[in-house]
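See structure below.
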Amino acid sequence: MKTGKLIEILKKFPPESDVRLCLSLPGRVISVHEQIWVADYGGGPQINAALDFTGFQIFVGCGVEQLVQPVPDRLEIDLGEYDDPEIAEKVRDFYIYHMGLNEPLKYPDFDYENWIPPRTRSGKYHERIAAILRRKLLRE
């Protein structure tokens with residue numbers, strides 16, 4: 001709207017009448033403002049009013065370009081070193097079974113509930129396996 005047109009419209013009202021700025025969406029009025037002002041931020045006059053967005057959810061998103069690496073076929077978990085590769089796979093399955101992870105088991109028919117995994121090559125239990133065994137033994 002041009003300034004001249006706005007002035008022409010406002011001249012139709014009595015000089016003592018209040019001016020209100022109404023903000024609306026299709027089908028409803030959001031707010032009505034009585035404290036309005038005209039300012040020039042460059043490019044001509046602008047009518048302003050304070051607006052409180054209380055009650056509105058405003059979502060601001062930010063798109064970030066990122067390097068996406070291929071997802072491995074299976075979860076790689078460091079559970080220590082074992083002498084036998086089959087035992088290492090069963091220890092991995094034991095961990096997946098007791099942690100409730102959604103990963104396929106290499107030996108799905110094995111009894112991981114009652115099996116106690118062996119110690120690693122260093123002669124100690126891996127900390128993750130030891131934590132599972134502690135919980136398991138405390139339950140029993």
Side-chain angles (χ1 to χ4, degrees):
M1 174 180 281
K2 300 289 183 188
T3 307
K5 180 71 171 172
L6 179 60
I7 293 171
E8 184 181 309
I9 292 170
L10 290 175
K11 282 184 179 179
K12 295 179 182 178
F13 297 95
E16 66 279 350
S17 61
D18 292 328
V19 176
R20 292 180 193 88
L21 180 66
C22 176
L23 180 63
S24 62
L25 291 175
R28 68 183 177 132
V29 172
I30 293 177
S31 63
V32 176
H33 300 278
E34 293 183 1
Q35 294 182 354
I36 60 173
W37 63 94
V38 178
D40 186 355
Y41 297 102
Q46 179 178 339
I47 298 175
N48 293 299
L51 179 60
D52 180 11
F53 283 105
T54 305
F56 282 88
Q57 292 182 343
I58 300 173
F59 298 95
V60 178
C62 177
V64 178
E65 185 176 333
Q66 61 183 349
L67 175 65
V68 179
Q69 306 216 351
V71 177
D73 291 338
R74 61 183 245 162
L75 181 64
E76 294 300 324
I77 309 165
D78 178 19
L79 296 172
E81 294 182 16
Y82 298 88
D83 293 326
D84 183 4
E86 182 179 325
I87 293 294
E89 288 291 336
K90 286 182 178 178
V91 170
R92 178 186 180 280
D93 284 358
F94 177 86
Y95 177 77
I96 290 170
Y97 176 84
H98 285 282
M99 295 305 290
L101 301 176
N102 188 18
E103 282 284 315
L105 301 175
K106 181 86 174 201
Y107 301 97
D109 297 329
F110 191 77
D111 183 15
Y112 296 108
E113 187 63 40
N114 297 312
W115 184 61
I116 297 179
R119 298 173 191 266
T120 62
R121 282 186 184 165
S122 68
K124 298 179 179 179
Y125 283 111
H126 186 275
E127 60 188 34
R128 292 179 180 175
I129 299 301
I132 293 170
L133 291 173
R134 270 193 296 278
R135 284 195 305 267
K136 186 177 171 182
L137 292 174
L138 288 175
R139 263 187 295 155
E140 295 173 359

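Just the heavy atoms: all of them, side chains too, but no hydrogens, waters or symmetry mates, feed the values below. Position 1 is the first residue of the sequence, and the numbers go up from there.
- The closest side-chain heavy-atom distance from Ile96 to Pro104 is not below 4.5 Å.
- Here the NE2 atom belonging to His126 is positioned 5.5 Å from the CG atom belonging to Leu79, to the nearest 0.5 angstrom.
- In this structure a side-chain-to-backbone donor-acceptor pair under 3.5 Å is missing from Asp93 to Leu105.
- The list of side chain to side chain donor-acceptor pair (under 3.5 Å) pairs with a residue in residues 79-88, not counting sequence neighbours, reads Glu81-Arg121, Asp83-Arg121, Glu86-Lys90.
- For the side chain to side chain contact (heavy atoms under 4.5 Å, CB included) test with Tyr97, the passing option among Glu113, Glu103, Arg92 is Glu113; the others fail.
- Smallest separation of non-hydrogen atoms from Thr120 and Gly80: CG2-CA, 4.0 Å.
- Annotation: ring pair (Phe, Tyr, Trp, His ring centres under 6.0 Å) contacts of His98 (sequence neighbours excluded): Phe94.
- Contact between Pro14 and Ser17 at its shortest, heavy atoms only, is O-OG, 2.7 Å.
- For Phe110, the ring pair (Phe, Tyr, Trp, His ring centres under 6.0 Å) partners at least two apart in sequence or on another chain are Tyr112, Trp115.
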